[in-house]
Amino acid sequence: MVKYESQLDSTFSALADPTRRAILARLAVGDASVTELARPFDVSLPAVSKHLRVLERAGLLTQDRQGRVRRCQLQASPMRAAAEWIECYRRFWSQQLDALAEFFGESQDTAEARQEKRDNDIKRKHTDGI
Amino acid sequence: MTLNANTPTEFSIRVSKFIRASRERVFEAWVRPEIRRKWWRTNRGEGPTTCEIDGRVGGKYLLKQIGSGAETPAGVEDDYEWVIEGEFLEFDAPRRLVFTWNVNHPGEPSGDERVTIEFHEAEGGTEVTISHEGILSSSLRDGTEKGWTKLLELQAEVLAQA
C-alpha cells in the first residue's frame, strides 16, 4: 500500500482544482488539443498549460506533440491505483469471511459425520441385537 | 464494494457472507480468542501469533500476525509482523460489533478507522456483514479533501471510458 501513497498524493492534489477536474472530464470523452481544452474556460493558454503540467506530473494525462499542436490524452491508471488500494482492503475482509465460512463448514461437516457415525452405531447395535 | 463519498476523505468498504451456523456461534467466533485463532487467516494461510480480546464496550483487542490478510503491500517484507489493535465501541451479542481499527502500516500512520460487524439471522445460518470505514491515509487529509470526493465522482466516469 506504501507504493500507492505518493502517487495518490499527487493525484489528489491535482484533482483539488475545479479547472483541472473539468479538463479531465473533457478528456474522458476523448483526446483534445490544448486550444480545445482552453476554449470552455476563461483562462489563458499559458494558464491551461500550467494545469496540464500538474495533471501530467500526477500521471493523469499525457501530451503528444504533433508539429505545433499538442494533443492531450487521459491516463486513468492513477485512479485505478486509488481503487486498487481500497480493493486490497475489500479482499482482506472477503478472505477473512471465506475463512470463517470454511471454519464453520468444516466443523459442521465434522458434527454431521459424528451424528452419522452415531446413527450407524445405533443401527449396528440394533442389527447386532437381532 | 461501496465507495461512500458523502464525507470527503472517507472511504467505506462493505462485504457480506452467509455462514452456516447460528448467530450466537458466529458472534462467539469473532470475540472468543480461542475460536478466533482457529479461523482468522493471513495470506500465508497461518493464524495469528497473538490474539487477545477483551469483549466488552471499552475493551481492547490485539492481533499480531506474520503476513497480511490479503497480498503483501509493495515495499513490505513477507515476514513483517502486522499488529492490528483497537477498542470495542459497541458490543451487542449476538447482533452487532463496532470496534476501532489500527494497523501498523509502515510509512502510513493509521487513521481513524472503524469496523462494524452485523450478524443477521438467515435461513439455516447467519448473514455476516462487515463495514470498514475510515480515511485513506493521514497525508491525504491536507488540502485534498475535495479531491477525494471528486476522484470518486470522476472515477466511475473515467474507468467506464478507459
Hydrophobic clusters here meaning ILVMFWY residues chained together by side-chain heavy-atom distances under 4.5 Å, can you tell me if L27(A) and L45(A) are in one?
yes
Residues passing the salt bridge (charged side-chain N to carboxylate O under 4.0 Å, His left out) test with D17(A), sequence neighbours excluded, are none
Heavy-atom nearest pair, L100(A) first then A29(B), reads CD1-CB, 3.9 Å
Query - Joint hydrophobic cluster, V128(B) plus V98(B), side-chain heavy atoms closer than 4.5 Å - result: no
Hey, quick one: are I130(B) and I35(B) part of the same hydrophobic cluster, counting side-chain heavy atoms closer than 4.5 Å, chains of contacts allowed? yes
Among residues 85-97 of chain B, residues within the sub-4.5 Å heavy-atom range of chain A, in order of number, are none
**Study point:** Crowding at CZ, R114(B) (>12 non-hydrogen neighbours, <6.0 Å)
**Key:** no
Same cluster (ILVMFWY, side-chain, under 4.5 Å), L74(A) and V54(A):
no
Bottom line for V115(B): the part with an atom under 4.5 Å from chain A's heavy atoms is side chain
Answer key: most heavy-atom pairs under 4.5 Å with chain B among A14(A), A99(A), S94(A) is A99(A)
Closest non-hydrogen atoms of F104(A) and R25(B), given as atom of the first, atom of the second and distance, are CZ-O, 3.5 Å
Hits for side-chain hydrogen bond (donor to acceptor under 3.5 Å, both in side chains) against S131(B), two or more places apart or cross-chain, chain-then-number order -> R14(B)
Those residues at least two apart in sequence (or on a different chain) that pass side-chain hydrogen bond (donor to acceptor under 3.5 Å, both in side chains) with S22(B) are none
Separation between NZ (K17(B)) and CD (Q96(A)), nearest 0.5 Å, reads 12.5 Å
Separation between CG (L97(A)) and CZ (F18(B)), nearest 0.5 Å, reads 13.0 Å
Any non-hydrogen side-chain atom of R90(A) less than 4.5 Å from a side-chain atom of V15(B)?
yes
**Q.** V34(A) reachable from L55(A) in the ILVMFWY side-chain graph, under 4.5 Å edges
**A.** yes
For the rings on W40(B) and F92(A), is their centre-to-centre separation under 6.0 Å?
-> yes
